[in-house]
Amino acid sequence: MEGRQWRSTIAAAQAGDRQALDELVSGWLPLVYNIVGRALNGHADVDDVVQDTMLRAVDNLGSLRDPDSFRSWLVAIAMRQIRDRARRRQPDRLDESATHEAADFAELTVLRLQLEGQRREVAEAARWLDDEDRQLLSLWWLEVAGELTRRELASAVGISRRHAAVRVQRLKERVETARGIVRALDGACPELRELTARWNGRPDSVWRKRLARHLRGCGYCGDARESVVPAERLLVGIALVPLPVGFTLSLAFGGKTAVAATSVGWSAKVLGALTKPAVAMTAGASIVAGGAYVVTQPPDDPPPRAAAPTAASTARPPSPSASASPTPSPSPSPTKKPELYGTVVDAVDTAPDPNTPPGALPHRPESGITSTGGRQAVMQHRGESVTLSGQGYVLVRWQIAPDDRSGGLAMPTWTGLKGKLFHVASGGGRRMDDVIGDGSDRGYVTGMGGPDIGYTVLPDGTQQMWQNEYFYVDGTVTLNQNERGASYGLTVFPSSWDKANEDVRYGPPQGAIRYGLVRDNGKDTAPVPQYVTRTTPADPATVAQRSRV
């Protein structure tokens with residue numbers, strides 16, 4: 001959840017609300033744990049650094065002036081604690097047991113997220129990186145997965161965005177080298193077996209250089225690199241690694257904690273409440289017990305899926321509206337529940353023949369659409385929205401910018417629907433994965449990115465958007481920009497049947513790449529958009545992909 005969705009919670013915690021503090025700690029603990037765990041590669045100091053980070057955040061919460069910057073502020077604290085730990089660490093602590101422990105987080109990532117194939121290679125490649133690269137990887141991994149922005153990454157490292165781009169590019173190259181080592185060690189190269197005969201099996205810089213040198217000159221190992229998918233495409237949408245069973249975070253007691261709590265305005269009564277055991281937490285998986293946050297997980301719970309989740313399944317603190325159990329009303333509600341309508345989208349549609357004109361677009365009634373964004377609402381950042389009301393057609397124009405920031409695309413969502421909403425047509429002369437020309441001059445797909453600028457990748461099961469998407473509104477609905485990970489912008493225009501019909505019938509004769517696509521059948525069985533709901537969740541990005549309205 002972005003900082004602006006947490007504004008009221010942060011303000012309440014600063015004013016002394018214990019439940020708000022519980023929600024902050026439990027909600028952001030997984031993000032901090034993933035950053036620290038990956039930066040330290042599972043070292044035994046992870047728990048201490050995570051605890052120090054959260055303690056400092058609690059200690060200094062009162063000094064946070066802009067709640068919208070809470071996430072970048074918290075990440076910066078975590079990175080400072082990681083660097084402080086590196087400075088304090090003594091050479092004699094680098095014994096064999098500590099080195100062996102360094103494989104834990106890579107193993108945890110693979111096992112808990114059920115990573116396979118090249119995704120597993122990326123996770124295991126982290127073992128071969130130096131400390132500084134591993135720290136940057138901990139942030140870049142989350143940026144590509146949609147949990148951080150490039151601005152937050154740069155701020156946490158303490159460098160400019162331009163410098164961050166250079167650092168990340170160098171990191172990608174080292175990750176690819178490390179992936180090659182992981183892949184080669186899983187292979188059957190006889191020369192490599194001979195080279196590693198005396199290797200103790202623990203990654204270090206000396207063996208990384210030896211193995212990389214072997215890979216560069218070995219035809220056998222080099223053949224395995226032909227169909228390698230870029231790391232940023234593999235990491236798109238991967239959820240946060242869940243906290244391990246029994247992970248504890250002692251924040252409720254101790255002289256320093258009490259002082260910290262007092263510094264943000266908590267009363268003696270609130271402090272007393274904090275020290276009571278078994279106080280329920282807001283994030284389902286956490287409770288306060290004996291003065292410590294104890295994260296629990298039933299032993300029979302299956303680990304998360306390895307596939308890239310949708311925006312609804314990305315690890316985020318659940319909103320109260322999403323987690324609360326429905327309570328039966330004591331009396332019949334005067335409002336009739338809307339009946340389900342429309343076709344549930346459950347498959348990704350394939351690209352139609354570029355030279356085949358579309359079918360007829362049914363003409364639905366048009367009394368006019370009003371927009372809170374005016375005739376042209378431009379939405380470039382997460383948290384921006386526009387509310388549409390009336391009866392008529394709406395154009396949503398896409399602009400994807402992988403050269404600004406590639407990675408997983410968090411789809412926009414439609415919330416607070418009253419009435420009906422249909423996805424009636426797609427146009428603009430091309431889909432966003434269409435190639436301009438034959439692709440030989442630039443070698444990548446325009447719109448969704450390429451090897452020289454990075455790729456924008458959709459969540460699994462999401463329909464490929466076109467440059468222009470047309471919708472029909474009969475009622476009221478809000479469209480939300482949920483940018484996280486990949487950069488994109490939306491421009492929203494109240495439109496008309498005439499404009500939509502003309503757009504979708506543009507084809508190759510007019511210089512476009514393809515004709516458009518008509519989705520509407522003119523009936524209530526016409527398709528509804530993906531990511532639409534009648535509710536208004538605290539975080540619009542949590543709307544489920546498969547809509548039923």
Side-chain angles (χ1 to χ4, degrees), residues 1-5 7 66 68-69 146 149-152 161 311 366 368-390 392-417 421 423-434 446-449 453-454 456 458 462-473 475-496 498-500 502-504 506 512 516 529-532 536-537 539-541 543:
M1 186 181 295
E2 291 287 341
R4 65 186 62 196
Q5 275 76 39
R7 176 180 288 276
D66 181 11
D68 288 347
S69 65
T149 66
R150 174 56 59 87
R151 182 177 291 105
E152 289 167 338
R161 292 184 67 180
E366 299 177 79
I369 293 291
T370 61
S371 167
T372 57
R375 297 180 61 184
Q376 178 176 322
V378 179
M379 299 191 294
Q380 297 284 357
H381 306 288
R382 179 175 172 84
E384 296 175 338
S385 64
V386 59
T387 299
L388 306 161
S389 301
Y393 293 85
V394 173
L395 163 62
V396 177
R397 178 171 295 163
W398 280 85
Q399 181 179 10
I400 299 176
D403 54 334
D404 176 54
R405 188 173 68 248
S406 58
L409 193 150
M411 295 293 290
T413 54
W414 304 84
T415 61
L417 173 63
L421 174 68
H423 187 185
V424 296
S426 301
R430 65 185 177 93
R431 286 165 41 120
M432 297 303 286
D433 62 344
D434 277 328
T446 300
M448 301 301 286
I453 60 174
T456 296
L458 301 177
T462 299
Q463 288 186 329
Q464 174 64 56
M465 82 288 290
W466 294 52
Q467 185 173 6
N468 291 344
E469 294 286 5
Y470 289 91
F471 302 88
Y472 180 82
V473 178
T476 300
V477 69
T478 297
L479 178 62
N480 306 273
Q481 219 278 27
N482 296 316
E483 182 183 57
R484 179 198 292 135
S487 288
Y488 71 92
L490 301 174
T491 306
V492 184
F493 307 83
S495 188
S496 67
D498 286 331
K499 292 180 179 178
E502 181 182 8
D503 187 347
V504 299
Y506 279 150
Q530 292 182 303
Y531 308 100
V532 60
T536 305
D539 182 3
V543 174

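Quick caveat: nothing in here was measured; it's all calculated off a predicted structure.
Among all heavy-atom pairs drawn from Asn482 and Pro540, the shortest one is OD1-CB, 3.6 Å. Across all non-hydrogen atoms, the minimal contact from Pro402 to Gly449 is CG-CA, 3.5 Å. Nearest heavy atom pair, residue Pro412 against residue Tyr531, reads O-CB, 3.7 Å. Between Gln530 and Gln463 the shortest heavy-atom distance is OE1-N, 2.9 Å. The two residues Gly428 and Gln467 come nearest to each other via the heavy atoms O-OE1, 3.3 Å. Across all non-hydrogen atoms, the minimal contact from Gly373 to Val386 is N-CG2, 3.5 Å.
Two residues are said to be in side-chain contact when any heavy atoms from C-beta on lie closer than 4.5 Å; Ile369 and Val473 meet this criterion. Two residues are said to be in side-chain contact when any heavy atoms from C-beta on lie closer than 4.5 Å; Val396 and Leu479 meet this criterion. For the pair Phe493/Val394, no side-chain contact is recorded, criterion being any heavy-atom separation below 4.5 Å from C-beta on. When side chains are defined from C-beta on, Gln376 counts as touching Thr491, because their heavy atoms get closer than 4.5 Å.
Around atom CZ of Arg151, no more than 12 heavy atoms belonging to other residues, nucleotides or ligands sit under 6.0 Å away. Enclosure of atom CD in Gln380 by more than 12 non-hydrogen atoms of other residues, nucleotides or ligands within 6.0 angstrom is indicated.
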Given side-chain hydrogen bond (donor to acceptor under 3.5 Å, both in side chains), test His423 with Glu469 step by step and report yes or no.
CA-CA 8 Å; His423 187 185; Glu469 294 286 5; 2.8 Å; yes
In sequence, state the C-alpha distance, the side-chain angles, and the governing distance for Ile400 and Leu409, and then conclude on side-chain contact (heavy atoms from CB on, under 4.5 Å).
CA-CA 9 Å; Ile400 299 176; Leu409 193 150; 4.1 Å; yes
For Ser385 and Gln481, what are the C-alpha separation, side-chain angles and deciding distance, and is it a side-chain contact (heavy atoms from CB on, under 4.5 Å)?
CA-CA 6 Å; Ser385 64; Gln481 219 278 27; over 6 Å; no
What do the steps show when you test Val543 against Thr415 for side-chain contact (heavy atoms from CB on, under 4.5 Å), and what is the final call?
CA-CA 8 Å; Val543 174; Thr415 61; 3.8 Å; yes
Would Leu458 and Gln464 count as a side-chain contact (heavy atoms from CB on, under 4.5 Å) if you check the C-alpha gap in whole Å, the side-chain angles of each, and the deciding distance to 0.1 Å?
CA-CA 8 Å; Leu458 301 177; Gln464 174 64 56; 3.8 Å; yes
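Shown here are the side-chain contact (heavy atoms from CB on, under 4.5 Å) partners of Asp503, two or more places apart in sequence or in another chain: Asn468, Tyr470, Tyr506. In this structure, the side-chain hydrogen bond (donor to acceptor under 3.5 Å, both in side chains) partners of Thr478, at least two apart in sequence or on a different chain, are Thr387. Applying the side-chain contact (heavy atoms from CB on, under 4.5 Å) criterion to Ser487, with sequence neighbours excluded, gives Ala401, Asp404, Arg405, Glu483.
With rounding to the nearest 0.5 angstrom, the CE atom of Met379 is 5.0 Å from the CG atom of Leu490. Atom OG of Ser495 is separated from atom CD of Glu502 by 10.0 Å, given to the nearest 0.5 angstrom. Between atom OH of residue Tyr393 and atom CD of residue Glu366 there is a gap of 5.5 Å, rounded to the nearest 0.5 Å. With rounding to the nearest 0.5 Å, the separation of CZ in Arg161 from OG1 in Thr149 is 7.0 Å. In this structure, the separation between CZ on Phe471 and CG on Leu421 is 7.0 Å, given to the nearest 0.5 Å.
The ring of Tyr488 has its center closer than 6.0 angstrom to the ring center of Trp398.
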